[in-house]
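Keep in mind it's a predicted model, so treat the numbers as computed, not measured. Numbers here are sequence positions counted from 1. Order of listing sets the numbers, starting from 1, for every ligand and every atom in it.
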Amino acid sequence: MNGRRAVIVGGSIGGLFAGNMLVQQGWEVDILERAKDDLSSRGTGIARHLELEQLLKRLGIVVDDTVGIDVSGRTAFDRNGKIIAEYSLPQRLGAWNRVFEPLFEKFPREHYHNGSEFTGMETTDVITKVQSANGQVFEADIVIGADGFSSTVREFVAPGVKPTYGGYVAWRGVSDEENLTTEFLASIFSHYAFLFVPKSLLIGYPMAGSNGSVTIGKRRYNYLWYYPTTEENLKELLTDNEGYL
Ligand SMILES: Cc1cc2nc3c(=O)[nH]c(=O)nc-3n(C[C@H](O)[C@H](O)[C@H](O)COP(=O)(O)OP(=O)(O)OC[C@H]3O[C@@H](n4cnc5c(N)ncnc54)[C@H](O)[C@@H]3O)c2cc1C
């Protein structure tokens, strides 16, 4: 321990990377995560990049061939399934939880606080006191905001900065390999696929199965449909299991 303390708001991939890096350098770190439950079931496919593998390895996390499925490049299809363009770009495509879980397992469990929502902080010359909605107070030399695109920490440090709507939504889905047709498996499954349709873009790529398996027959195909819409329409479109967000 180097005697320095950090509080990280947000216990997803960003927060866990920062937290593990600081612990490795001798910091005492507490992570406040608003969600009450484990985040592992979040996320679908994720494209893995060299920087990601390097950072995981630096933390001593094993990165081997089972973390993803290799594709040779990107392939554009027309609406009849015919290939119209190919771009060589070897890449490994993985599953979000195969990034999150090893980071979560690496971090000291007793310092990861689920159900702890950041509500504010006060800074003096020497220390910052961080408050969470459940009444806990943490003292820190630094506070890191890793609380996502609608960050509450950002509201404190840069109140004038507001996110702006990008102009489109994305529907995201995942199919088990065993539910896909033979035709789809033969012509599209192994591709990082792009389909351009009027006002829309669809992309899809293979990913590990729900148990993390990359064995043939046990994998999944992950797809996104990007669709432009007005900000007013978001109220109707953004829903969860309990209704409108
Ligand atoms: C260029 C680019 C490419 C991307 N490609 C992919 C991809 O291929 N696949 C994919 O899945 N994603 C992709 N993403 C999205 C991104 O990787 C994921 O969304 C990732 O989970 C972001 O991690 P994060 O830790 O920054 O934020 P988040 O995952 O959004 O986590 C923020 C966390 O903060 C918590 N939180 C929020 N407010 C508070 C509060 N007040 N107190 C305490 N906790 C709070 C939330 O509960 C959440 O757990 C991409 C993003 C970019 C920018």
Side-chain angles (χ1 to χ4, degrees), residues 6-22 29-53 55-56 59 67-69 71 74 89 91-104 106-107 111-121 128-138 140 143-159 163-164 166 168-174 192-194 201-208 210 212 220-226 238 240 245:
V7 166
I8 298 177
V9 182
S12 178
I13 288 176
L16 281 167
F17 260 119
N20 280 309
M21 290 286 175
L22 287 170
V29 183
D30 283 287
I31 293 183
L32 278 56
E33 170 49 53
R34 179 174 59 189
K36 292 189 178 68
D37 304 319
D38 178 15
L39 305 183
S40 310
S41 60
R42 264 192 201 178
T44 55
I46 191 160
R48 299 179 71 104
H49 298 270
L50 184 61
E51 294 86 346
L52 171 70
E53 315 296 8
L55 288 170
L56 289 170
L59 288 171
V67 298
I69 297 167
V71 293
R74 301 184 175 193
L89 183 66
Q91 200 161 17
R92 183 160 286 174
L93 303 167
W96 191 92
N97 59 351
R98 292 291 305 270
V99 181
F100 173 81
E101 281 168 6
L103 289 168
F104 183 70
K106 184 95 193 161
F107 190 78
H111 288 283
Y112 187 100
H113 309 278
N114 274 110
S116 191
E117 180 176 6
F118 166 89
T119 50
M121 57 185 172
T128 296
K129 287 190 176 178
V130 178
Q131 299 109 28
S132 79
N134 57 11
Q136 286 176 293
V137 177
F138 298 85
V143 177
I144 296 177
D147 50 341
F149 75 97
S150 56
S151 169
T152 313
V153 175
R154 183 179 55 218
E155 283 174 24
F156 272 80
V157 296
T164 53
Y168 63 92
V169 293
W171 274 270
R172 194 152 198 176
V174 172
Y192 192 158
F194 287 70
L201 167 68
L202 282 100
I203 69 167
Y205 52 85
M207 62 180 282
S210 52
R220 292 176 289 175
Y221 199 77
N222 146 86
Y223 49 89
L224 288 107
W225 175 25
Y226 295 100
L238 300 183
D240 67 7
L245 296 176

Should the proximity of [X] to ligand 1, defined as any heavy atom under 4.0 Å, be assigned to the side chain, the backbone, both, or neither?
| X | result |
| --- | --- |
| Trp96 | side chain |
| Ser116 | backbone |
| His113 | neither |
| Ala146 | backbone |
| Tyr205 | side chain |
| Thr152 | side chain |
| Val153 | neither |

Any protein heavy atom nearer than 4.0 Å to [atom]:
| atom | result |
| --- | --- |
| atom 39 (C) of ligand 1 | yes |
| atom 10 (C) of ligand 1 | yes |
| atom 43 (C) of ligand 1 | yes |
| atom 33 (C) of ligand 1 | yes |
| atom 7 (C) of ligand 1 | yes |
| atom 50 (C) of ligand 1 | no |
| atom 19 (O) of ligand 1 | no |
| atom 16 (C) of ligand 1 | no |

Check each of Ile46, Val130, Ile31, Asn97 against atom 13 (C) of ligand 1 and report the one with the nearest heavy atom.
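It is Ile46 that holds the nearest heavy atom.
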Counting heavy atoms only, name the option from Ala133, Ala18, Ser12 that's nearest to atom 23 (O) of ligand 1.
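Checking each option, the heavy atom nearest atom 23 (O) of ligand 1 is found in Ser12.
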Which class fits the ring pair His111 and His113: parallel under 30°, tilted 30 to 60°, perpendicular over 60°?
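Rings of His111 and His113: perpendicular, over 60°.
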Quick one: nearest non-hydrogen protein atom to [atom], plus distance?
| atom | answer |
| --- | --- |
| atom 45 (C) of ligand 1 | Arg34 CB, 3.6 Å |
| atom 35 (C) of ligand 1 | Glu33 OE1, 3.4 Å |
| atom 36 (N) of ligand 1 | Asp147 CB, 3.8 Å |

Interatomic distance, Gln136 atom CD to Thr119 atom OG1 [nearest 0.5 angstrom]:
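Between Gln136 CD and Thr119 OG1, I get 10.5 Å after rounding to 0.5 Å.
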contact_flag Ser132 ligand 1 heavy-atom lt 4.0 Å:
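It does not; every heavy atom stays at 4.0 Å or beyond.
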Is there a heavy atom in His49 that sits closer than 4.0 Å to ligand 1?
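No, His49 has no heavy atoms under 4.0 Å from ligand 1.
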Looking only at N/O atoms, are [X] and ligand 1 under 3.5 Å apart anywhere?
| X | answer |
| --- | --- |
| Gly45 | yes |
| Gly14 | yes |
| Gly43 | no |

